[in-house]
Visitor: 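After the structure tokens below, expect a handful of questions from me.
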There are 2 protein chains.
Amino acid sequence: MKRLALLSVLLSALTARADEGMWTYDNFPSKKVQQKYGFAPDGKWLAEAQLSSVRLAGGCSGSFVSPEGLVMTNHHCAHSCIEQLSTKEKDFVAQGFYAQALEGEVKCPEIELNQLVQISDVTARVQGATKGVKPGKEFNDKRKAAMAGIEKECAAGNDKLRCDVVELYHGGQYSLYRYKRFQDVRLVFAPEFAIAFFGGDPDNFNFPRYDLDVSFIRAYEDNKPARTEHYFKWSPSGAKDGDLTFVSGNPGGTDRELTMAELQYQRDVALPERLFDLAQYRGALTMFTEQSAEHRRIAENALFGTENSYKALKGRFEALITPTLWNQKLEREKALRSKVNVRSGMRKQYGSAWDEVAKAIAMFQPRRKEFRFIEQGAGFNSPLYRIARDLVRGTEELQKPNEQRLPEYTDSKLPQLKQRLFSKAPIYETFELFKLSYGLVKLREELGADHPFVKKILGKRSPQELAEELVKSRLADVKVREQLWQGGRDAVLGSNDPMIQFAKAVDEDARPIRRWHDEEVETLETSGAEKISAAKFELEGKSNYPDATFTPRLTYGAVKGFEDNGRKINPVTTFGGAFERATGRDPFKLPESWLRANQNKQLNLDTPFNFCSTNDIIGGNSGSPVFDKDRQIVGLIFDGNIYSLGGDYGFDETKNRAVAVHSAALMEALDHVYGARRIVSELKSAPAGAASGSAAK
Amino acid sequence: MKRLALLSVLLSALTARADEGMWTYDNFPSKKVQQKYGFAPDGKWLAEAQLSSVRLAGGCSGSFVSPEGLVMTNHHCAHSCIEQLSTKEKDFVAQGFYAQALEGEVKCPEIELNQLVQISDVTARVQGATKGVKPGKEFNDKRKAAMAGIEKECAAGNDKLRCDVVELYHGGQYSLYRYKRFQDVRLVFAPEFAIAFFGGDPDNFNFPRYDLDVSFIRAYEDNKPARTEHYFKWSPSGAKDGDLTFVSGNPGGTDRELTMAELQYQRDVALPERLFDLAQYRGALTMFTEQSAEHRRIAENALFGTENSYKALKGRFEALITPTLWNQKLEREKALRSKVNVRSGMRKQYGSAWDEVAKAIAMFQPRRKEFRFIEQGAGFNSPLYRIARDLVRGTEELQKPNEQRLPEYTDSKLPQLKQRLFSKAPIYETFELFKLSYGLVKLREELGADHPFVKKILGKRSPQELAEELVKSRLADVKVREQLWQGGRDAVLGSNDPMIQFAKAVDEDARPIRRWHDEEVETLETSGAEKISAAKFELEGKSNYPDATFTPRLTYGAVKGFEDNGRKINPVTTFGGAFERATGRDPFKLPESWLRANQNKQLNLDTPFNFCSTNDIIGGNSGSPVFDKDRQIVGLIFDGNIYSLGGDYGFDETKNRAVAVHSAALMEALDHVYGARRIVSELKSAPAGAASGSAAK
């Protein structure tokens, strides 16, 4: 694999068979799997796995598990939806949700599913557009125009298709991913939060573990369950220690191929700053949720997300301060650069690449806070603002030809934009007020009370006063948004809505920073990264996988324990373990339904509950199916162990583990805790072994 | 100076005259001052300055400013006292405090003043005690016994003396500092918090600045104002641009002489971890203070302290990630090590020192969280716990001979311990509950839910439940503490107070970690550091100042502006500037008294308000007097600019600035805002120029 290829022969002999790699479906190393596990997936097998997998566009993964559009994912991937469907009177997060009949399935306001149907290579067209062009405005314009053009042609105005040009290998390759898009997605089943996230933040990213982090949702077309001929069948036995396992999902992003300059920026600047922010926000948000039951209800998913990000980024930070990893990467970069430099042709073409990347970072660093707070809106990052921003920017961008727009407002992005913009998800004024007051104070702190932008938006007002004005916005009303969107640029410019006016004022300052970032910084970084990638291809071929980009990837591995500070950790836990761990106090409090089922002796306490495996996954893989060589579901990814967090920078097979709910636990709970017969039958309806398509052995 | 001595001749020629250095009173570089500013303080001058200065034992500095024990310090140095004297009905923090007559001065429960009266060198005795002894238990026992013995002999049972053996140059020198101790200290005057801390956190560590961060307190003896023959007179004109200025105070700590291994630990581990903690606590505490006016009153000083620490440590972190500083330090260490290594005698004696230090850190790192949370009580750091811990540990330690006790319980430390233990400062149950709940959650997070200590103290209880049990403690009652202390070990062991029982349970686990830390880690680090220091003395003599240790130091410099991102910053602000900066909203809201005085045209808006100078100071210097060559008060240190935060690791004269209240602002406000005639007369009573002692020119 690429990141190990630069090590000595001796070392690579030891590591060649590691289960590392988040492989694209068009470059899966079946031979390697064959060598280590005696099984080689063939083209048909891969196509079936690909088509049976789905992406949740908001940031998760899932799988079709019946021919009628039933999708399995994590509870935490549908948490927003479950919260959005809840009310003060009926809290589905706390109580769980189960539609006894099809008619009871309820639409999630913001979930979009993507099923990858085709991959094509568009590298020549994208790179060709900027051939000979120096980094800068022209480079940016041409590159983005090419990508927008490709996407528009591909979708051809069909909202049921989603076409994304995906930058792989940091620009070494561009692929066009064509997805089938489902925007009518309904909630079918979710257990209580207390068992979905048993152990809460203390146990998050830990193993052993005891979570039923599952939800079932269903894709609909024309108001009927979608016909999904490609889907995963259910394994009758599930996974056990040593079994070969595949995971198909959408790892959100990794940084395994960053240059040392980029890594140093991550270690010293980007990660600490994000962590300082997250830590403080976590402290404030925890207190907010504790103010009342209603505050908890409306903010607990945000708190969960904040704590999760905090822990994940802290793990990444800790990986970067580990001298062994750092020195390994340093040596690899040195080795690659010297290989390039000793070949005069390569030196001429690629020799400057690392310095270009370093220069881009050096340019960005002094303005990073302005970019984050003004363009990215870090100080007023609330639904109301994001809506106003989309209305202000979107109506302006739509006046331009498709190829000249900001990428997030091109035609191919409009279906998702509209889903978000016209979402019926409730917006809570108290929570908005909290977020805006908090954020505006932070904005003033980070940019300084004397920064012209801060002076402009605050004037003599306190952050709290400005927040109070902004939440008077009428944008919580979906109809108001629809009117403004339909009214276009003029309607938006004429609006006296305080949040619209605020977003306009922000945009005056945000646009120039965005432009500078895209044209000066990003093009320089891309140009450098493309060269490094090309150099690697020239030296190593395409024997490696690209860094994760929240696009479908396939990984292989095996159910396997690990050693933790000298303790041997068994790879599989049981229901019994959960009852032992329970204290009766949140977050170690089992829900009533489980206590009752146990009291009534309905539960088999030996049922495998969670397990860990060597599959190479990362955030974004949440909800990914774990399946065997017959493509039968044996588990459901919902986490990684604490060592998996360093996986952002590299994979250490001795310790890095994916964590999944065992398929037997899912079936046992659905059946004996929740009496969800309808789902049980649907999952079991296609008899195991009768999988469509052949399983190559 | 030491830290520059290793640079090339060219470079040192450029920097030789920098105003760097926190000099001990027994090694002040009068010649350097003479060279640069044409004035050389002589022995008498130095003795007077030393005796006119005081330390606030809790972490600040101050100065005698009248022959009747009047002490000038910062508002934020007396904030705790002002808060402790306040009630729900009468909030002196918000409203300010002024004793119109002597009888109205009120005792501060926890302030102790120290006046340094004598310094003697005890290096031979301390280092002699461990001569030939390897790092470990014996080394620790002998070293601490020697120090305890020296301190006990010096104080000779007199509680009015305080004797501290001070470790300077990281163990290269040990000095015995004998102080006169004042424990009856009364509040005389404090302005409103709104003007003492105008600009709040946003302006903290910034310049230009507009703060009246002053308070006056008075030392008493035998219930009467102390007779203080050594004191600073008031300058009639105050400081102006370019003037030579001296600052006498107690910088808390610097890390300018750390090894690279220590610096890397700071950069990668210690500082980020502290910042993550502080950020989260800050978020939670901010929300706590916003819950009610009473919460604000009882917690705002804690919030101010948290925000201040956060900003200060963030500045230090930012200094360490600056490549130029880092590389400079790296080069210096390399140069020093190679100088040592080329001299065979030195190599044999000192060559291993850096590795010893690195080894000590490597040992400590994996157990650092246990040390912090169990021994240092980071998860239950509340007044109630600290009292219980002192009762539990103190009564146990007192059974041992003085030389065998933990250093904080030796005879010479008892007066301060008792002041703290029997302080009448109120303890608020709601705030205790908040702190304990918060901290116990954090403890579980950092050590992990499965850590034996966490399991032991929590059992099946939630952190919140345990906190609720603990605050039922009766230790808020001073009489209960007195009874337990007087009852000694048996009374404490027999107590069923929940916090006492908790502290006992903690101590079982804390003692072994403390022992391991003191005997294994600390002795190894000290042994290494002593060698490095000895090597430097051998090569450079004692031409340098030691790292700060919260002991009296004298610095020199000049009133001088600086450049900030290309903007030229004038060194002096005016009253008028404060009125321009005011928005009427907290923290930019001027108090009523100032608005009224201004309306009534009582204020001269051209009065100099704050100024900055090149004096080399750091946290702990708060409240330090700024004086001229005639030892007349021209200002009062209360802050440093943002660049001063990097001063922990090195001094950059181009940017690093001390920030002070101008003496004219103090006089104008006392006189025309507060009508504090009694203080004005007292300050002016000794005519300027009639300073006792001669000012050598």
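What you see is a predicted model; the values in this text were computed from it and never measured. Convention: sequence-line order gives letters A, B, ...; per-chain numbering from 1.
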Visitor: Is A/Pro366 in contact with chain B via its backbone, its side chain, both, or neither, using a 4.5 Å heavy-atom distance?
Guide: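 Neither; nothing under 4.5 Å.
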
Visitor: With only heavy atoms counted, which part of A/Phe434 is less than 4.5 Å from chain B, the side chain, the backbone, both or neither?
Guide: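 Contact with chain B is through the side chain of A/Phe434 alone.
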
Visitor: For each of B/Ile321, B/Asn206, B/Leu285, tally heavy-atom pairs with chain A at distances under 4.5 Å, and name the one with the top tally.
Guide: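 Most heavy-atom pairs within the cutoff with chain A belong to B/Ile321.
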
Visitor: Side chain from CB out, backbone as N, CA, C, O: work out which of these in A/Phe276 comes under 4.5 Å of a heavy atom of chain B, or both, or neither.
Guide: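 Both backbone and side chain.
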
Visitor: Does the side chain of B/Phe197 come within less than 4.5 Å of B/Asn204's, by heavy atoms?
Guide: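 They are in side-chain contact.
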
Visitor: Given heavy-atom pairs under 4.5 angstrom as the criterion, report whether the side chain, backbone, both or neither of A/Lys314 touches chain B.
Guide: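 For A/Lys314, side-chain heavy atoms alone lie under 4.5 Å from chain B.
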
Visitor: Between B/Phe562 and B/Phe207, what is the ring plane arrangement, given parallel below 30°, perpendicular above 60°, and tilted in between?
Guide: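 Plane angle between 30° and 60°, so tilted.
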
Visitor: Under 30°, 30 to 60°, or over 60°: which ring-plane class applies to B/Phe364 and B/Tyr265, parallel, tilted or perpendicular?
Guide: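 The rings of B/Phe364 and B/Tyr265 stand perpendicular, inter-plane angle above 60°.
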
Visitor: Please classify the contact between A/Glu446 and chain B as side chain, backbone, both or neither, with a heavy-atom cut-off of under 4.5 Å.
Guide: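 Answer is side chain: those atoms of A/Glu446 sit under 4.5 Å from chain B.
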
Visitor: Would you call B/Glu273 and B/Arg368 a salt bridge, taking side-chain N to carboxylate O under 4.0 Å as the test?
Guide: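 Looking at B/Arg368 together with B/Glu273, the answer is yes, because their closest N to O distance falls below 4.0 Å.
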
Visitor: State whether the side chain of A/Asp639 and the backbone N or O of A/Val659 hold a donor-acceptor pair below 3.5 Å, judged by distance alone.
Guide: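 Side chain of A/Asp639 to backbone of A/Val659, a donor-acceptor pair under 3.5 Å: no, none is there.
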
Visitor: Using a 4.5 angstrom heavy-atom cutoff, name the option from A/Lys589, A/Arg581, A/Arg461 with the most pairs to chain B.
Guide: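 Highest number of heavy-atom pairs under 4.5 Å: A/Arg581.
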
Visitor: Counting only non-hydrogen atoms closer than 4.5 Å, does A/Thr286 touch chain B with its backbone (N, CA, C, O), its side chain (CB onward), both, or neither?
Guide: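 Neither part, no heavy atoms under 4.5 Å.
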
Visitor: Is the closest side-chain heavy-atom distance between A/His451 and A/Arg444 below 4.5 Å?
Guide: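 When only atoms from C-beta onward are counted, A/Arg444 and A/His451 do not touch, as no gap falls below 4.5 Å.
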
Visitor: Does any heavy atom of chain A fall under 4.5 Å from the side chain of B/Gln464, the backbone, both, or neither of them?
Guide: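 It is neither, since no heavy atom gets under 4.5 Å.
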
Visitor: For chain A, find which of B/Leu458, B/Thr583, B/Asp586 contributes the most heavy-atom pairs closer than 4.5 angstrom.
Guide: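 Most heavy-atom pairs under 4.5 Å with chain A: B/Thr583.
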
Visitor: For A/Pro323, does its backbone N or O pair with a side-chain atom of A/Asn327 as donor and acceptor, under 3.5 Å?
Guide: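 Checked: pair present.
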
Visitor: With heavy-atom distances below 4.5 Å as the criterion, would you say the side chains of A/Arg296 and A/Gln291 are in contact?
Guide: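 Contact flag for A/Arg296/A/Gln291 side chains = no.
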
Visitor: Is it the side chain or the backbone of B/Phe588 that comes within 4.5 Å of chain A heavy atoms, both, or neither?
Guide: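 Side chain only.
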
Visitor: What part of A/Lys455 gets closer than 4.5 Å to chain B, counting heavy atoms only: side chain, backbone, both or neither?
Guide: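 Interface part for A/Lys455: neither.
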
Visitor: A/Glu290 versus chain B, heavy atoms under 4.5 Å apart: side chain, backbone, both or neither?
Guide: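 Answer is neither: A/Glu290 stays 4.5 Å or more from chain B.
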
Visitor: Salt bridge check: are A/Arg282 and A/Asp277 linked by an N-O gap of less than 4.0 Å?
Guide: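 Salt bridge absent between A/Arg282 and A/Asp277.
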
Visitor: Determine the option with the most heavy-atom pairs under 4.5 angstrom with chain A, choosing from B/Gly459, B/Ser462, B/Ala582.
Guide: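 Most heavy-atom pairs within the cutoff with chain A belong to B/Ser462.
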
